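The structure appears right after this line, and notes come after that.
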Amino acid sequence: VYMELAVGLGEVLASGALRGLPYRMTYNTRTHELKILTFASFSEALCPGEAGLERKTVDYSEVWLTRDEEARERLASRLAAIARFIEGSLGFPQDIEGAVKGDDIFIVQTRSQQGLKKG
C-alpha cells in the first residue's frame, strides 16, 4: 500500500499550491514492513481557524509522524488494513482519501485507481 500524508488539511496535496513533499510511505501487507520514502517538507499547513482556513508554519520536530516510529507503524498498518478492506469490497485497486484526527481515521472518498487494467 502506497500512502501520502500531510499535516493539516489535504488541500496541500491536492492543490499543489505549496512547494514541498508529503510523508510518503509504503506498507507491505504480507511482511508488515513499513518503508519511509520521504519525510514531509511543506513549510506550511492549511488548518481550520476561526476566520476560515489559516496557513500555519510547520515545525516537523513537533509532528508525531516524524518523531514516533512505533506510532507511524501503527498508523500505516491501520491504513493498509482499511485500504485492503475497501479494495476487497470494491474489487479493484482504489485511490483513497481520508483524514486522521487522534486515533480516528475518516475516509472521505475513494475511486478506482487510474492507469490500471481491470482483470
Side-chain angles (χ1 to χ4, degrees):
V1 175
Y2 173 79
M3 301 170 227
E4 291 187 341
L5 297 101
V7 175
L9 300 176
E11 184 63 21
V12 170
L13 291 174
S15 72
L18 295 176
R19 293 178 65 143
L21 297 170
Y23 292 94
R24 289 185 176 145
M25 316 185 254
T26 60
Y27 187 82
N28 185 316
T29 57
R30 283 182 234 126
T31 65
H32 306 285
E33 180 184 9
L34 172 64
K35 286 187 181 177
I36 305 299
L37 305 175
T38 63
F39 282 89
S41 64
F42 292 111
S43 59
E44 296 179 317
L46 293 175
C47 301
E50 300 215 5
L53 292 182
E54 298 176 354
R55 287 186 179 200
K56 294 185 178 181
T57 301
V58 179
D59 177 354
Y60 286 102
S61 69
E62 297 294 321
V63 177
W64 66 270
L65 274 171
T66 301
R67 295 186 338 229
D68 192 336
E69 182 178 354
E70 287 180 17
R72 264 194 318 269
E73 289 181 12
R74 279 192 308 275
L75 177 63
S77 175
R78 291 179 65 205
L79 292 173
I82 290 167
R84 286 182 55 111
F85 174 79
I86 291 171
E87 290 180 349
S89 297
L90 297 174
F92 193 72
Q94 297 291 300
D95 179 352
I96 302 166
E97 295 181 15
V100 177
K101 174 113 172 130
D103 288 333
D104 296 325
I105 297 172
F106 303 90
I107 302 304
V108 296
Q109 93 175 358
T110 186
R111 59 187 169 276
S112 293
Q113 181 65 50
Q114 298 300 306
L116 300 176
K117 294 181 181 180
K118 290 188 179 183

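Computation of the quantities below employed the complete heavy-atom set of this structure, encompassing side-chain atoms and omitting hydrogens, waters and symmetry-equivalent molecules. As the structure is a prediction and not an experimental result, all values here were calculated from the model.
Donor-acceptor pairing under 3.5 Å is lacking for the side chains of Ser61 and Arg67.
Within a 6.0 Å sphere centred on CG of Asp103, other residues, nucleotides and ligands contribute 12 heavy atoms or fewer. Remark: Gln109 CD is packed, more than 12 non-hydrogen atoms of other residues, nucleotides or ligands lying under 6.0 Å away.
The closest side-chain heavy-atom distance from Leu5 to Leu13 is not below 4.5 Å. Annotation: side chain of Arg72 is in contact with side chain of Ile36 (closest heavy-atom distance under 4.5 Å). Side-chain atoms of Gln94 and Gln113, non-hydrogen and from C-beta on, never get closer than 4.5 Å to each other. Looking at heavy atoms from C-beta onward, Arg111 lies in side-chain contact with Glu97 at the 4.5 angstrom threshold. With a 4.5 Å cut-off on side-chain heavy atoms, Ser89 and Glu87 do not count as touching. Side chains of Asp95 and Thr110 form no contact here, defined as non-hydrogen atoms less than 4.5 Å apart.
Cluster membership for Leu34 and Trp64, using ILVMFWY side-chain heavy atoms within less than 4.5 angstrom, is shared. Both Leu75 and Phe85 are members of a single hydrophobic cluster when ILVMFWY side chains are connected at heavy-atom separations under 4.5 Å. Cluster annotation: Leu21 is not connected to Tyr60 through the hydrophobic network of ILVMFWY side chains, with a link wherever side-chain heavy atoms come within less than 4.5 Å.
Between Val7 and Tyr23, the closest heavy-atom pair is CG2-CE1, 4.3 Å. The two residues Val1 and Ala83 make their nearest non-hydrogen contact at CG1-CB, 4.2 Å.
One distance of note links CZ of Phe92 with CD1 of Ile86; it measures 15.0 Å at 0.5 Å rounding. Once rounded to the nearest 0.5 Å, the distance linking OG1 of Thr26 with CG of Asn28 reads 8.0 Å. Taken from CD in Glu70 to CZ in Arg74, the straight-line distance is 6.0 Å, to the nearest 0.5 Å.
Residue Leu37 shares its hydrophobic cluster (ILVMFWY side chains chained together at separations under 4.5 Å) with Tyr2.
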**Request:** Would you check, one step at a time, whether the test side chain to side chain contact (heavy atoms under 4.5 Å, CB included) holds for Ile96 with Ile107?
**Result:** CA-CA 7 Å; Ile96 302 166; Ile107 302 304; 3.9 Å; yes
Sequence neighbours excluded and cut-off under 3.5 Å, please list the side-chain donor-acceptor pairs for residues 42-55, or say none.
residue	atom	partner	partner atom	Å
Glu44	OE1	Arg55	NH1	3.3

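Paired with Tyr27 under the rule side-chain contact (heavy atoms from CB on, under 4.5 Å), one option of Glu33, Lys35, His32 passes, and it is His32.
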